[in-house]
Amino acid sequence: MTEDMKGSLMGALENVIDPELGIDIVNLGLVYDVELDEEGTANVKMTLTSMGCPMGPQIVANIKQELMELPEVKDADVNIVWNPPWSRDMMSRYAKMALGVR
């Protein structure tokens, strides 16, 4: 997979907004990795802000919808992991400013 393709995948994921926080999942630091395999399946490794996140299923559905907009993506698989655990330190400077976090 090329760096351009990875950039396209991450760009699509920036369109997925966490409904509770109003910031995209990339800037929140929830996406750990994304790859596109030879069959056209986008594999996303990510976490959620908490184990009991009620928006998890909606976020996963939105991820699949956004990735499927890319012509190279034939399918999308989202793997939710809990290690490393998410923390505010993973957020981008933009997300911290938008949420008023230092």
- prompt: Considering only heavy atoms from C-beta outward, does the side chain of Glu66 approach that of Leu13 to under 4.5 Å?
  reply: no
- prompt: Looking at side-chain heavy atoms only, is the closest gap between Asn43 and Asp37 below 4.5 Å?
  reply: yes
- request: Please report the closest heavy-atom contact between Tyr32 and Trp86, naming both atoms and the distance.
  value: OH-N, 3.7 Å
field: Over all atoms of both residues, closest heavy-atom pair of Pro19 and Met55
entry: CG-SD, 3.6 Å
- prompt: How about Val60 and Ile80: do any of their side-chain heavy atoms sit closer than 4.5 Å?
  reply: yes
query: Looking only at side chains, do Thr41 and Asp75 share a donor and an acceptor under 3.5 Å apart?
result: no
task: Report yes if the side chains of Asn79 and Met46 come closer than 4.5 Å at any heavy-atom pair, otherwise no.
output: no
- prompt: Considering only heavy atoms from C-beta outward, does the side chain of Ser92 approach that of Val26 to under 4.5 Å?
  reply: no
Residue that, paired with Ile25, satisfies side chain to side chain contact (heavy atoms under 4.5 Å, CB included) out of Thr49, Asn15, Val31: Val31
- prompt: NZ/Lys74 to CE/Met68 distance, rounded to the nearest 0.5 angstrom?
  reply: 8.5 Å
task: Report yes if the side chains of Leu28 and Met90 come closer than 4.5 Å at any heavy-atom pair, otherwise no.
output: no
query: Can you tell me if CE on Met97 sees more than 12 non-hydrogen neighbours from other groups inside 6.0 Å?
result: no
field: same_hphob_cluster(Leu21, Ile17) at 4.5 Å side-chain heavy-atom cutoff
entry: no
- prompt: Is it true that atom NZ of Lys6 has more than 12 heavy atoms of other residues, nucleotides or ligands lying nearer than 6.0 Å?
  reply: yes
- prompt: Hey, is the main chain of Leu48 close enough, under 3.5 Å, to the side chain of Trp82 for a donor-acceptor pair?
  reply: no
message: With heavy-atom distances below 4.5 Å as the criterion, would you say the side chains of Glu72 and Ser8 are in contact?
response: no
For Met91, the option from Ile23, Val101, Asn27 that meets side chain to side chain contact (heavy atoms under 4.5 Å, CB included): Val101
message: I'd like to check Leu9 versus Leu36 (side-chain heavy atoms, cut-off strictly below 4.5 Å). Are they in contact?
response: yes
N/O donor-acceptor pair under 3.5 Å between Thr47 side chain and Val81 backbone: yes
- request: Could you walk me through whether Ile59 and Asp18 pass side-chain contact (heavy atoms from CB on, under 4.5 Å), step by step?
  value: CA-CA 7 Å; Ile59 291 170; Asp18 181 301; 3.9 Å; yes
- prompt: Roughly how far, to the nearest 0.5 Å, is CE of Met10 from CG of Asp24?
  reply: 9.0 Å
